[in-house]
Q: 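If you scroll down you'll find the structure; I have some questions about it.
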Amino acid sequence: MAGEAREKCAVGGVLLNEAAVDTAAAHLYEVLFALQHRGDEASGMVSREPGEPLAAHRELGMVKDVYSDESIARLSGRLAVGHNKYTTSTSIKGVKELRHPQPIIDESLGLALAHNGNIPDTTKMDGFLERHNLLHGHRNDSEKMGFTIAQFMRGGQDLPAAVESAYPLLDGAFSCVGTHDDMLVAFRDPHGIRPLALGNFDDNWVVSSETCGLDILNAKYVREVQPGELVVITADGQMESKQLAAGRDKLDIFELVYFARHDSTLYGKTVNEIRRQFGVELALAHGAMHDDGENVVVVPVPDTAVPEAEGYAQSLGLTMTQAIIKNRYIGRTFMQPTDQARKTQLRRKHNIIAEPIKGKDVVLIDDSIVRLNTIPNLVQRMKQIGARSVSVLIGSPPVRFPDYYGIDTPHQSELAAANLTVEEMRRAISEDGCRYLGFLPLESMVRATGMPADMFNLSCFTGEYPIDIGKRQAEITSPVSMEYVE
């Protein structure tokens with residue numbers, strides 16, 4: 001819905017031992033920096049000195065710009081939680097504003113909570129908050145979660161007990177970190193839609209949305225917070241665990257397709273290697289595309305599609321070249337809040353090196369097609385530069401359904417594959433310039449992971465939602481086709 005806040009993506013937490021000389025915020029800065037790809041429009045940290053009020057710093061911008069030496073110094077203490085987010089609200093005048101900042105703070109309680117995911121149906125929380133006269137003003141699902149937990153704490157419960165009491169009211173996807181009373185907590189929804197990793201370095205604890213946030217601290221990966229689990233790390237560094245609900249792994253496979261960083265590990269495998277296998281499966285599904293392999297050049301759209309292009313090219317003995325140069329100072333256009341913002345970013349984001357593709361039959365490989373903004377621009381420019389032909393392969397099935405679990409695809413009307421057949425999409429890219437458009441079949445994508453299909457949330461491809469989306473189900477319509485899925 002227009003104007004709706006959708007600000008979820010990366011969370012982190014650090015608890016240092018009593019012998020540590022650095023502040024937790026200094027380490028958490030590195031974690032959030034490593035998680036920048038999950039959200040680049042705003043960042044926030046909350047820290048705590050024992051017995052002191054919470055200290056907070058939350059601003060618009062990328063991590064490197066939000067924090068200074070001075071702001072990190074003000075975030076003193078052995079304990080800190082943080083959040084990166086990827087969408088912000090825009091005022092009537094078109095100026096971005098930091099609304100619904102995270103971590104969520106209740107200063108009177110000394111509570112801070114950061115949430116990655118989405119609660120698509122807040123009916124249960126709304127009823128609870130209304131009974132306590134707390135359902136007023138515009139609060140998003142993350143804030144409602146924070147208010148719900150805080151209300152249980154006001155009834156005399158500590159943070160772990162309050163999370164347990166609130167848990168049955170949380171119908172959706174959530175990977176959360178929080179702090180109160182010198183303890184660090186982490187918990188996930190029963191399906192484990194979004195990842196959340198635990199690590200340890202020099203007897204210090206770190207929680208991160210991805211393992212790349214552990215690696216940057218040279219932390220040892222301990223394990224994932226399990227679906228349905230609450231982990232509590234006390235001030236003395238002791239870890240306790242409680243299963244709040246029966247867990248069942250349903251990691252969102254879009255983490256592997258697009259969201260997670262190449263060097264992160266999910267389900268015990270590096271994301272890079274899984275993406276490379278996507279490319280191998282593309283080769284099996286679509287072949288070499290041209291009889292004259294000597295004239296073919298495989299070009300990935302950086303960065304996510306690079307290992308897919310490597311797997312495809314190596315499988316078929318083709319040449320791969322990174323002829324598209326990405327501006328590293330541009331955020332992920334997929335996550336921009338408006339279509340105009342996405343198109344403006346696209347013009348700035350990619351440049352093409354002409355020499356490797358002039359006169360060549362280009363096989364352009366990307367990870368996914370969502371709104372059909374990136375590929376038409378690139379195909380047109382490649383043809384203008386002098387490519388003999390351009391074929392497009394996509395390392396995932398067509399995205400036909402909204403993601404209600406924390407990735408910014410809320411409007412099915414904006415999803416190209418929900419409203420066009422594959423052939424119609426090819427013509428929309430460029431009827432003359434795009435020679436072929438092919439996707440990775442769903443079965444092939446799952447096979448590339450080495451895991452069974454029931455270990456994943458596949459809803460953006462199949463429309464089958466493992467967590468009830470409540471009244472949002474009425475927004476779903478039947479796509480014009482289900483090619484590559486049926």
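Because only heavy atoms are used, hydrogens play no part in the values below, and waters and symmetry mates are left out as well, while side chains stay in.
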Q: Quick check: do M455 and L251 have side-chain heavy atoms less than 4.5 Å from each other?
A: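 In short, these two side chains do not touch, never coming nearer than 4.5 Å.
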Q: Please round to the nearest 0.5 Å and tell me the distance separating atom CG of L75 and atom CG of L28.
A: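 Reported value, rounded in 0.5 Å steps: 9.0 Å.
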Q: Keeping the roles fixed (side chain from T462, backbone from E464), state whether a donor-acceptor pair exists under 3.5 Å.
A: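 The answer is yes, because a donor-acceptor pair under 3.5 Å joins these two groups.
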Q: I would like to know whether T449 and Q277 meet side-chain hydrogen bond (donor to acceptor under 3.5 Å, both in side chains); could you show each step before the answer?
A: CA-CA 8 Å; T449 71; Q277 285 301 121; over 6 Å; no
Q: What's the verdict on ring pair (Phe, Tyr, Trp, His ring centres under 6.0 Å) for F152 and F128, showing C-alpha distance, side-chain angles and the deciding distance?
A: CA-CA 10 Å; F152 282 111; F128 174 84; 4.7 Å; yes
Q: In this structure, are over 12 heavy atoms from other groups packed under 6.0 Å from E443 atom CD?
A: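 Count not over threshold, so no.
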Q: How close do P397 and V485 get, counting heavy atoms only, and between which atoms?
A: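 Closest approach of P397 to V485: CB-CG2, 4.2 Å.
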Q: Pick out which of L282, I274, V257, L256 makes a side-chain contact (heavy atoms from CB on, under 4.5 Å) with M445.
A: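 Of the listed residues L282, I274, V257, L256, the side-chain contact (heavy atoms from CB on, under 4.5 Å) partner of M445 is V257.
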Q: Taking the side chain as C-beta and beyond, is there a heavy-atom pair between P441 and Y484 under 4.5 Å?
A: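 A side-chain contact under 4.5 Å exists here.
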Q: So, applying salt bridge (Lys or Arg N to Asp or Glu O under 4.0 Å) with R194, which one of D189, D249, D403 is it?
A: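 It is D403; the other options fail the test.
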Q: Enter the distance from Y312:OH to I365:CD1 here, rounded to the nearest 0.5 Å.
A: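 Here the rounded value is 6.0 Å.
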Q: Taking atom types as modelled, is there a side-chain donor on Y404 or Q473 under 3.5 Å from an acceptor on the other?
A: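 Note: Y404 and Q473 side chains miss the donor-acceptor criterion.
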Q: Give me each pair satisfying salt bridge (Lys or Arg N to Asp or Glu O under 4.0 Å) with a member in residues 214-228, each pair once, sequence neighbours excluded.
A: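 Residue pairs passing salt bridge (Lys or Arg N to Asp or Glu O under 4.0 Å), neighbours aside: R223-E229.
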Q: What pairs of residues pass the salt bridge (Lys or Arg N to Asp or Glu O under 4.0 Å) test when at least one of them lies in residues 152-166, not counting sequence neighbours?
A: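 Sorted result for residues 152-166: D106-R154, E164-K242.
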Q: With a 4.5 Å heavy-atom cut-off, do I369 and P398 have their side chains touching?
A: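 SC-SC contact between I369 and P398 ruled out.
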Q: Output the distance between atom OG (S396) and atom CG (D366), rounded to the nearest 0.5 Å.
A: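 CG of D366 is found 8.5 Å from OG of S396.
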Q: Is the closest side-chain donor-acceptor distance between N204 and N17 under 3.5 Å?
A: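 Short answer, yes.
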Q: Can you confirm whether R78 sits close enough to T23 that some side-chain heavy atom of one is under 4.5 Å from a side-chain heavy atom of the other?
A: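 Side-chain contact under 4.5 Å: no.
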Q: Might you point out which heavy atoms bring G172 and I467 nearest each other, and give the distance in Å?
A: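 Closest pair (atom of G172, atom of I467, distance): O-CD1, 3.2 Å.
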Q: So do the side chains of Q151 and L134 get within less than 4.5 Å of each other, counting heavy atoms only?
A: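 Heavy-atom side-chain distance check passes, below 4.5 Å.
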Q: Testing T148, L135, D171 for side-chain contact (heavy atoms from CB on, under 4.5 Å) with M125, which one passes?
A: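 Of the listed options, the one satisfying the test is T148.
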Q: Are side-chain heavy atoms of T265 and V271 found at a separation under 4.5 Å?
A: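 Not in contact.
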Q: With respect to E255, which candidate in R38, R261, K250 satisfies the salt bridge (Lys or Arg N to Asp or Glu O under 4.0 Å) definition?
A: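 For E255, the salt bridge (Lys or Arg N to Asp or Glu O under 4.0 Å) check succeeds only for R38.
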Q: Check the pair Y67, S43 against side-chain hydrogen bond (donor to acceptor under 3.5 Å, both in side chains), reporting the backbone distance first and the verdict last.
A: CA-CA 9 Å; Y67 306 101; S43 186; 2.8 Å; yes
